[in-house]
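Structure, as structure tokens:
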Amino acid sequence: MGWGHRHWPPEGDPCAPGLKRGFGRHAREHHRRKFHLGRLGSYVQERLRRRLFVMFGLTILVTVLVVSWVMNLTGGNSWRQETERVRAFVGHRFAEVWDAPAARESLMRSISDDLDVDVVLTDLSGAVVARGGAPCAKPDASIPVMRQDSRLGTLQACYLQTRSRGPWRAVLPLGIAVLVLWTAAGGISFRLARPVDTLVKATQALGEGQLGTRASLDRHLTGDFAVLAESFNDMAARIEKQLADQRELLAAVSHELRTPLARLRVLTELLRDGGGNPRTLDQVDREVVELDALVGELLASSRLDFGQLTPKALEAGVLAAQALERVGLSATLLQPETDDVALMADATLLGRALVNLLDNARKHGVGVEALRLQEHGKEHLAFSVEDRGPGLLPGEETRIFQPFYRKDRGGEAREAGSLGLGLALVQRIARAHGGEAFAENRPGGGARVGFTVRKAGPPGLASSTQA
């Protein structure tokens, strides 16, 4: 079964291996934390301002409950005592006029009119003695009428039906107060957490390679956040300058090396024409070619570091044929397995990646068997080189893409002049184009090494074009 049917890398996710390696320990711990907290917990934990908002709100609610409890402790007994005094006062007043019907009726009307309550006075048998206001079917309060130690009757009062029954009228002011306080807490938490959010976004951008990122905080901001932002900006500026200097030095040295290499080639040709030792001159030529290839890889690496990709419309078949011609191989080795060969890519970088694959197969795989061009999913195109060698050792499927890894079998790599940068550069070029490098052993023997690229171009191409 050919490579095109084995779906490597996993179809629909060509960058899956790289993404898996990108998740660090903190990301895994954060994922586990979100799983245990649930959606609400993870939503609150994601931002500091949300946690501050929730904490302020809970503090307000707890404060309300505590104040209510304390007021109940300190004022509840007094309220009950005052209620008992009122009950005793009303009962004594009715006891004084119990035997005087006219005075009793006058007192009933006075209480009903002045206090806006419905009152009914009954004797011990339950018969109505006097009534003030409307009938009271379900009394809200019953007050015994006592004379010394003997009970004369009962005064029943209905007052809730004459007042508003909406309990929300009592709760509404408290709810409005809590809402206003919580809204103010939201504004305060946002203002407190805004500098932290700004610094977090800046650190994330810096970690993603955007070295020009700076933390821009309010110019009136003072205190620890201002010191932290200033320190972060100084650190980011030093990192950007140091890396820029290193990349410029690498690019400059790589360009400068091309001149002495060209002179060496001219000198070897002159020596060859002058009768120099052919074996020595051939060895010098090989070293010059190796140095020239190394300089090319350094230049390509510098372009990737600077993000200097120049995507343009290409035909994958033409690009692959040019790579075969560049390394001196026959164009018959190209075996396209798809008709959809149009893509947006950097021709120089993709050409370098293909040349590195072919050189790797020649040096470490006993020759090139085929250069295949295959469609991988709807969005990606795959280039793969099959060799005639013994195949990959266990674990080499990923190790061969590490920088300076040399497949040293009996001095093979040393004699071939490999420094282990070719396949590492292939992987970087593939990822810069939205793809991934891969390697595996073929069922019939030998190895298959290649990479995928995004047909529509590098991931940032669409956004940069729109901008």
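One-based numbering along the sequence shown.
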What pair of heavy atoms forms the shortest contact from Pro139 to Cys158, and how long is it?
-> CA-SG, 3.4 Å
Minimum heavy-atom separation for Gly317 to Leu334, with atom names?
-> O-CD2, 3.7 Å
What's the verdict on side chain to side chain contact (heavy atoms under 4.5 Å, CB included) for Val449 and Val426, showing C-alpha distance, side-chain angles and the deciding distance?
-> CA-CA 10 Å; Val449 184; Val426 169; over 6 Å; no
Side chain to side chain, Val385 and Phe451, heavy atoms closer than 4.5 Å = no
Starting from the C-alpha separation in whole Å, work towards a yes-or-no answer on side chain to side chain contact (heavy atoms under 4.5 Å, CB included) for Leu423 and Gln427.
-> CA-CA 6 Å; Leu423 294 184; Gln427 186 179 59; over 6 Å; no
Would you name the heavy atoms of Met344 and Ala313 that are closest together and state the gap between them?
-> SD-N, 3.4 Å
Taking all atoms of both residues into account, what is the closest heavy-atom pair of Gly450 and Leu357, and its distance?
-> CA-CD1, 3.9 Å
Might you point out which heavy atoms bring Phe232 and Thr213 nearest each other, and give the distance in Å?
-> CE2-O, 4.5 Å
Taking C-beta and beyond as the side chain, do Glu440 and Leu392 meet within less than 4.5 Å on heavy atoms?
-> no
Which value, rounded to the nearest 0.5 Å, describes the distance between Leu358 atom CG and Lys363 atom NZ?
-> 11.5 Å
Could you grab the distance from atom CZ of Arg388 to atom CD of Glu369, nearest 0.5 Å is fine?
-> 5.0 Å
Value for CD (Glu375) from NE2 (His380), rounded to nearest 0.5 Å, stands at 11.5 Å
From CG (Asp359) to CG (Asn356), nearest 0.5 Å | 6.5 Å
Drop me the distance from Leu381's CG to Leu314's CG, to the nearest 0.5 angstrom.
-> 11.0 Å
With the side chain counted from C-beta on, respond yes when Leu373 and Phe383 share a heavy-atom pair under 4.5 Å apart, and no when they do not.
-> yes
How far does CG of Leu199 sit from CG of Leu228, to the nearest 0.5 angstrom?
-> 5.0 Å
For the pair Arg448 (side chain) and Phe438 (backbone), establish whether a donor and an acceptor sit closer than 3.5 Å, ignoring hydrogens and angles.
-> no
Which heavy atom of Ala424 sits nearest a heavy atom of Gln402, and at what distance?
-> CB-C, 4.1 Å
Can any side-chain N or O of Glu397 pair as donor or acceptor with the backbone N or O of Gly395 at less than 3.5 Å?
-> yes
Under the 3.5 angstrom rule, does the side chain of Asp387 hit a backbone N or O of Ala447 as a donor-acceptor pair?
-> yes
With sequence neighbours excluded, tell me which residues meet side-chain hydrogen bond (donor to acceptor under 3.5 Å, both in side chains) with Asp340.
-> Lys455
Member of Thr310, Val453, Ile429 meeting the side-chain contact (heavy atoms from CB on, under 4.5 Å) criterion with Asp346 = Thr310
How about Arg238 and Asp234: do any of their side-chain heavy atoms sit closer than 4.5 Å?
-> yes
Is the number of heavy atoms from other residues, nucleotides or ligands within 6.0 Å of CD (Glu230) greater than 12?
-> no
Residue pair His364 / Ile400, side-chain heavy-atom distance below 4.5 Å | no
